[in-house]
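Single-structure report; data block below.
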Amino acid sequence: VQLQAYGGGLVQAGGSLTLSCAASGRTFRTYAMGWFRRAPEREREFVAAIHLTYGNSYYSESVKGRFTISKDNAKNTVYLQMNDLKPGDTAVYYCASGSDTDFRPQEYDYWGQGTLVTVSS
């Protein structure tokens with residue numbers, strides 16, 4: 001499975017961005033997609049996850065109410081709509097695929113290359 005994440009960029013605080021993650025290859029065993037992020041000098045952090053069959057979605061407390069994860073199964077693509085961005089959201093964002101939704105990064109099998117989101121104050 002190959003994952004291509006894109007859509008990052010520079011945005012002012014309070015602004016919005018939408019990240020996309022396109023999956024290709026042997027995706028038939030991929031049932032969940034997640035977004036994680038890593039800020040400078042911090043550990044990788046769970047952001048959101050979605051089950052590709054049932055559509056259940058989960059969020060970290062830090063982004064709940066501001067971020068929305070969604071999917072387009074026909075395009076094998078997952079999106080992360082990020083609203084009301086804060087400087088603390090600045091990080092490299094990674095998408096990952098696995099067999100179930102989980103907040104633990106070790107439960108995901110494949111990872112995209114990451115896309116940088118910078119939020120200026």
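Values reported hereafter were calculated over all heavy atoms of this structure, with side chains retained and with hydrogens, waters and symmetry mates removed. Along the sequence shown, residues carry numbers from 1.
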Correct closest heavy-atom pair for Thr77 and Ser20 would be CG2-CB, 4.3 Å
Would you please classify the geometry between the Phe36 ring and the Tyr108 ring as parallel, tilted or perpendicular, with 30° and 60° separating the classes?
perpendicular
Contact between Ser62 and Arg37 at the side-chain level, heavy atoms closer than 4.5 Å - yes or no? yes
The reported gap from CZ in Phe67 to OH in Tyr59 (rounded to nearest 0.5 angstrom) is 10.5 Å
Worksheet item: Honestly curious: do Phe103 and Tyr58 fall in one hydrophobic cluster under the side-chain, below-4.5 Å linking rule?
Response: yes
One should read off an interatomic distance between Tyr79 OH and Cys95 SG, to the nearest 0.5 angstrom, of 12.0 Å
Distance col, row Ser99:OG vs His51:NE2, nearest 0.5 angstrom, shows 8.5 Å
Report yes or no: does Gln113 contribute a side-chain atom to a donor-acceptor pair with the main-chain N or O of Gln4 at less than 3.5 Å? no
Exactly one candidate in Asn83, Asp89, Asp84 meets side-chain hydrogen bond (donor to acceptor under 3.5 Å, both in side chains) with Arg66; the answer is Asp89
Group every Ile, Leu, Val, Met, Phe, Trp and Tyr by side-chain heavy-atom contacts under 4.5 Å, then state whether Leu52 and Val1 land in the same group. yes
Between Tyr93 and the options Leu116, Val47, Leu17, the side-chain contact (heavy atoms from CB on, under 4.5 Å) test singles out Val47
Open item on the list: Could you check whether any side-chain heavy atom of Leu3 comes within less than 4.5 Å of a side-chain heavy atom of Tyr94, counting everything from C-beta outward?
Closed with: no
> Does Ser57 use its side chain to pair, donor to acceptor, with the backbone of Ile50 at less than 3.5 Å?
Replying inline: no
The residue among Glu45, Arg44, Glu43 that forms side-chain contact (heavy atoms from CB on, under 4.5 Å) with Pro105 is Arg44
Side-chain touch Thr101/Tyr31, heavy atoms, less than 4.5 angstrom:
no
- Quick check: are there more than 12 heavy atoms from other residues, nucleotides or ligands sitting under 6.0 Å from CD of Gln12? no
Please determine whether residues Val11 and Val63 belong to a single hydrophobic cluster, defined as Ile, Leu, Val, Met, Phe, Trp and Tyr linked transitively by side-chain heavy-atom distances below 4.5 Å. yes
Rounded to the nearest 0.5 Å, the CG atom of Leu80 sits from the CH2 atom of Trp35 at a distance of 6.0 Å
Val92 and Gly114 have their tightest heavy-atom pair at CG1-CA, 3.8 Å
Rounded to the nearest 0.5 angstrom, the CG-CD1 distance for Asn56 and Ile69 is 11.5 Å
dist Cys21:SG -> Lys71:NZ (nearest 0.5 Å) comes out at 14.5 Å
Checklist line | Minimum side-chain heavy-atom gap Met82-Leu19 below 4.5 Å | finding: yes
